[in-house]
Number of protein chains: 2
Amino acid sequence: MTSRPQILAAARRLIDQSGWEKLTVRGLAAELGVGPTTLYHHVRDKGDLLFLLIHEYAEQIPHPDLPGEPRDRIIAAATAIHDALCEWPWAAEVLATPGFITRLGDSALWLIETIVAGAIDHGCTPPQAVYVFRSIWYYTVGEILVRVHTADRWADAERPADGETFFGGLDASRLPRLAALGDRWATLAWQDTYPEGLRAFVDGLLAQSTSAPGRTADR
Amino acid sequence: MTSRPQILAAARRLIDQSGWEKLTVRGLAAELGVGPTTLYHHVRDKGDLLFLLIHEYAEQIPHPDLPGEPRDRIIAAATAIHDALCEWPWAAEVLATPGFITRLGDSALWLIETIVAGAIDHGCTPPQAVYVFRSIWYYTVGEILVRVHTADRWADAERPADGETFFGGLDASRLPRLAALGDRWATLAWQDTYPEGLRAFVDGLLAQSTSAPGRTADR
DNA sequence: ACCTGAACACCGTTCAAGT
DNA sequence: ACCTGAACACCGTTCAAGT
């Protein structure tokens, strides 16, 4: 009676309701009205369940319109990946596993293809293009994961109290710049600077790959 | 009889032996020869224990020699952070919490100070310098976390079998670049490109901050 | 103060037994 | 085939009771 699509749909429902940390095999079974052990006839284990969930989600990521410039195509594809992860940030935690990405479906791989193709069109060798993609991927995944953990802290009561200064009480003689920033740090660290950072990174990577072919051509 | 330093030392021992995933309150108590509940008289909870551990570790990170150029000082400090995290990668998972960094001790904050000061010396405004640090931090933390998860997979038997092609069986008409790369992807994705990526990113960030002051000055 | 065992409220997963 | 309850081997944490 219980089917894999049913299980996946129920899992999505539960995750959207109360976050992926709360998704448990037992809770999922209860949502479906079956015993916990029933699920193991349709899914290998919890890891497999998460993989199937991400696979499914990845296939429905919208394809962005691609600009003409290779550099801008890279940015558009990276932004699409980032946007998708923003909505399902827990997926980043699973996707951080290397090789995991490569097992996604065509629709998700198309975004990677776009970045790699953009780098090559800009003048990179294929190995350099892989390096460009990986670097962007690290930056993207890092930004998302810090974002996820922010949400964690918000749930806790541990976040700094209203008047608490971040760098207010620092030794200004040893750490002058941080002390001068004081609690402005908190405000600045809150801003979404992913798009600007991405542009800076892509420009830096493309300049590096094409300006010094001798140094990086063999990687 | 049980003291906090004893607990921390035992915890480090266990982590170095069998990884931080294996560190459990019960196991730590057993290592110390006391009941599990005893620890709660010396440490608030497990999260507090991890914080104390990282705080302690962060204080002993060696300070790198600083080059003259601001740009090179940023790279030296970021590399020191990266190297420290490489040896204790699980710390990255905890440090990914925003605001967590700011609660570290002076010795660890000095590395952040160095990056922020380097950016300012290069011509950034203080807010831009914070943005530069954060961007580098995302990249660094992302690289480390992917590294951590690699180790996870190695433990599992799920890593691709010997002859398994990464992108070998892809639809070459829809994903030509990836299909052309084939299993070379695996080899390329394995390489340590953090240093090159860092240089590209720093150069991109510094160029952006100083060339278009009007666009980013108010952030 | 410092430590304890027992207990609470959970996990993922296995396995022999049912229909 | 499909599903089940009971059980296994764990977690972090609380709390009343001991010395």
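Here is how names work: the chains are called A, B, and so on, in the same order as the sequence lines, proteins then strands, and each is numbered from 1.
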| request: Indicate whether any N or O donor in one side chain lies under 3.5 Å from an N or O acceptor in the other, for A:Thr140 and B:Tyr138. | output: no

| field | Integer-rounded Å distance: D:dC3 C1' and A:Gln6 CD | value | 14 Å

| query | Salt-bridged, A:Glu56 to A:Arg12, with N to O below 4.0 Å? | reply | yes

| query | For B:Thr24, which contact category applies under a 4.0 Å heavy-atom criterion: base, sugar-phosphate, or nothing? | reply | sugar-phosphate

| Candidates C:dC3, D:dG5, C:dT13 - which lies nearest the side chain of B:Thr2 | C:dC3

| Quick one: is A:Thr37 getting a side-chain N or O under 4.0 Å of the D:dC3 phosphate, OP1 or OP2? | no

| Is A:His41 side chain donor-acceptor paired with the D:dC3 base, going by distance under 3.5 Å alone? | yes

| request: Grab the NZ-C1' distance between B:Lys46 and C:dC11 for me, whole Å please. | output: 13 Å

| note | Re C:dA16: Watson-Crick or G-U wobble partner, both distances kept under 3.5 Å, found to be D:dT4

| Side-chain H-bond candidate by donor/acceptor type, B:His63 with B:Ser107, under 3.5 Å | yes

| field | A:Arg73/A:Asp65 ion pair, N-O < 4.0 Å | value | no

| task | Determine the interatomic distance between C1' on D:dC10 and the same-named atom on C:dA9; round to the nearest Å. | result | 13 Å

| note | Assert: residue with more 5' nearest nucleotide on DNA chain C, out of B:Ser3 and B:Arg26, is B:Ser3

| request: Using whole Å, report how far OH of B:Tyr40 lies from P of C:dG5. | output: 15 Å

| field | Spacing between A:Asp48 atom CG and C:dG12 atom P, to the nearest angstrom | value | 15 Å

| query | Atom CD1 of B:Ile7 and atom P of C:dC3: how far apart are they, to the nearest Å? | reply | 8 Å

| Nearest-Å distance for atom pair CG/P, residues B:Leu14 and D:dC11 | 12 Å

| said: Expressed as a whole number of angstroms, how long is the span from A:Leu28:CG to C:dG12:P? | reply: 10 Å

| query | Donor-acceptor pair, B:Tyr131 side chain versus A:Glu196 backbone, under 3.5 Å? | reply | yes

| said: Can you tell me if B:His42 touches the phosphate of C:dC2, counting only side-chain N or O atoms and a distance under 4.0 Å to OP1 or OP2? | reply: no

| query | Rounded to whole angstroms, how far apart are CG on B:Leu39 and P on D:dT13? | reply | 11 Å

